[in-house]
Structure formats: structure tokens, C-alpha cells
Student: 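Let me give you the structure first, and then I'll get to my questions.
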Amino acid sequence: MAIATMHSVVLDCPDPRRLAEFYAQVLGGKVEPGEESDWVDVTGPDGHKLAFQESPGFIPPQWPSLERPQQLHLDLTVPRERMDQAEQEVIALGARLIQGDDDGKRGFRVYLDPAGHPFCLCDA
């Protein structure tokens, strides 16, 4: 028997509404109406929740390097034939590419969202 069930993944950020709208567009989800300005939920078409919490003094994570261990990031799947189009779309929404897929040799590309959280678009 499980001890608990997953409610949502929560990302700290300086502007919860803006980041929620970014991920709602990327995931085809819906920004849930709420009365709190420091917390915003996005519900994806599959029912999974991603939440955003205001964090005063937020410092974005850094993508791993030799000096830093791997940190939390989101893996989002995209059909291989749509990868270039998906990249253009997330960049138009405010993402920034930080690591390509080495001409298709790796099955993922790494981006930073508008608040600086890393996420990957991975071959489905």
C-alpha cells in the first residue's frame, strides 16, 4: 500500500502566473483559476498538475556541470518528427536552448523556461 499519492510538482519562481501560462501553452494544459497571487496551478490534458509558487529572491537553478550535480528538471516528450517545430514554439514562448541534441545523436534537447528552470524536450 502506498504511503502517499502524488499531488503536483511545484516550481518556485518570481512570477507564478507568467510561468503557469508558459507551461499551459507548452503542455496544452489549463491555468486553474485561483484567488492566490503567489500560487498558480496548471492541469494538463492527462490530469497531472504542475504548480508555481512565488519565491521572493528566487535564484534559478544552474544546469549541471562538472562543478554542480544534476538538479530537478522536467522531461517533456515530443514526437521526433515534430522536434524542430516544438523547439521553435517553446522559444517563441520564452524558452532558451542551452544544449542541443548533437545532430540527433542524443534523444533530447535542454532548455531554460522563462524563470530559468531547466527542461528537456525528449524524443517520444
Side-chain angles (χ1 to χ4, degrees):
M1 178 176 197
I3 294 171
T5 58
M6 176 70 104
H7 177 265
S8 61
V9 173
V10 182
L11 297 177
D12 290 350
C13 59
D15 186 346
R17 170 86 31 203
R18 179 171 186 260
L19 201 56
E21 289 170 358
F22 171 83
Y23 278 104
Q25 290 182 39
V26 170
L27 299 171
K30 177 183 172 191
V31 176
E32 299 296 336
E35 296 178 20
E36 298 179 46
S37 63
D38 63 345
W39 182 282
V40 181
D41 289 324
V42 170
T43 302
D46 56 6
H48 290 108
K49 283 193 174 188
L50 192 55
F52 306 90
Q53 178 176 336
E54 184 176 8
S55 177
F58 173 76
I59 299 172
Q62 293 184 1
W63 186 248
S65 67
L66 294 175
E67 296 82 33
R68 293 187 175 268
Q70 180 128 342
Q71 300 174 23
L72 172 81
H73 67 278
L74 302 174
D75 281 347
L76 310 175
T77 55
V78 174
R80 179 178 284 262
E81 64 275 4
R82 286 201 64 248
M83 185 64 74
D84 290 337
Q85 179 182 352
E87 176 173 288
Q88 292 173 358
E89 292 173 4
V90 298
I91 288 172
L93 293 171
R96 182 168 55 96
L97 176 68
I98 61 167
Q99 183 180 2
D101 61 4
D102 198 17
D103 294 322
K105 293 178 185 164
R106 284 192 297 268
F108 63 93
R109 299 175 188 178
V110 184
Y111 305 83
L112 296 179
D113 68 24
H117 300 101
F119 71 95
C120 297
L121 292 182
C122 306
D123 290 344

Student: For residues 45-58, tabulate all N or O donor-acceptor pairs below 3.5 Å that involve a side-chain atom, not counting sequence neighbours.
Tutor:
unit_1	atom_1	unit_2	atom_2	d
Asp46	OD1	His48	N	3.0
Asp46	OD1	His48	ND1	3.2
Asp46	OD2	His48	ND1	2.7

Student: Taking side-chain hydrogen bond (donor to acceptor under 3.5 Å, both in side chains) as the test, write out the residues that go with Gln88, two or more places apart.
Tutor: none

Student: Tell me, which pairs form a side-chain hydrogen bond (donor to acceptor under 3.5 Å, both in side chains) where one or both residues lie in residues 14-24, sequence neighbours left out?
Tutor: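 Every pair satisfying side-chain hydrogen bond (donor to acceptor under 3.5 Å, both in side chains) with a residue in residues 14-24: Tyr23-Asp113.
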
Student: For Asp101, check salt bridge (Lys or Arg N to Asp or Glu O under 4.0 Å) against everything at least two apart and list the hits.
Tutor: Arg109

Student: If the condition is side-chain hydrogen bond (donor to acceptor under 3.5 Å, both in side chains), which residues does Asp38 pass it with, not counting sequence neighbours?
Tutor: none

Student: Could you give me the CA-CA distance, side-chain angles and deciding distance for Gln99 and Arg106, then say whether side-chain contact (heavy atoms from CB on, under 4.5 Å) is met?
Tutor: CA-CA 10 Å; Gln99 183 180 2; Arg106 284 192 297 268; 3.5 Å; yes

Student: Excluding sequence neighbours, so at least two apart, what forms side-chain hydrogen bond (donor to acceptor under 3.5 Å, both in side chains) with Glu81?
Tutor: none

Student: Taking side-chain hydrogen bond (donor to acceptor under 3.5 Å, both in side chains) as the definition, give me every residue that meets it alongside Asp103, ordered by chain and number, with sequence neighbours left out.
Tutor: none

Student: Over 60° means perpendicular and under 30° means parallel, so tell me whether Tyr111 and Phe119 are parallel, tilted or perpendicular.
Tutor: parallel

Student: For residues 69-110, which residue pairs qualify under ring pair (Phe, Tyr, Trp, His ring centres under 6.0 Å), counting only residues two or more places apart or in two chains?
Tutor: Trp63-His73

Student: Under the rule for side-chain contact (heavy atoms from CB on, under 4.5 Å), what residues qualify as partners of Gln71, not counting sequence neighbours?
Tutor: Pro61, Arg68

Student: Among residues at least two apart in sequence or on other chains, which ones pass side-chain contact (heavy atoms from CB on, under 4.5 Å) with Gln25?
Tutor: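 Residues passing side-chain contact (heavy atoms from CB on, under 4.5 Å) with Gln25: Leu93.
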
Student: Could you tell me which residues satisfy side-chain contact (heavy atoms from CB on, under 4.5 Å) with Ala24, sequence neighbours excluded, listed by chain and number?
Tutor: Val31, Val42

Student: List in chain and number order the residues that pass side-chain contact (heavy atoms from CB on, under 4.5 Å) with Arg96, two or more places apart in sequence or in another chain; answer none if no residue qualifies.
Tutor: Ile98, Leu112

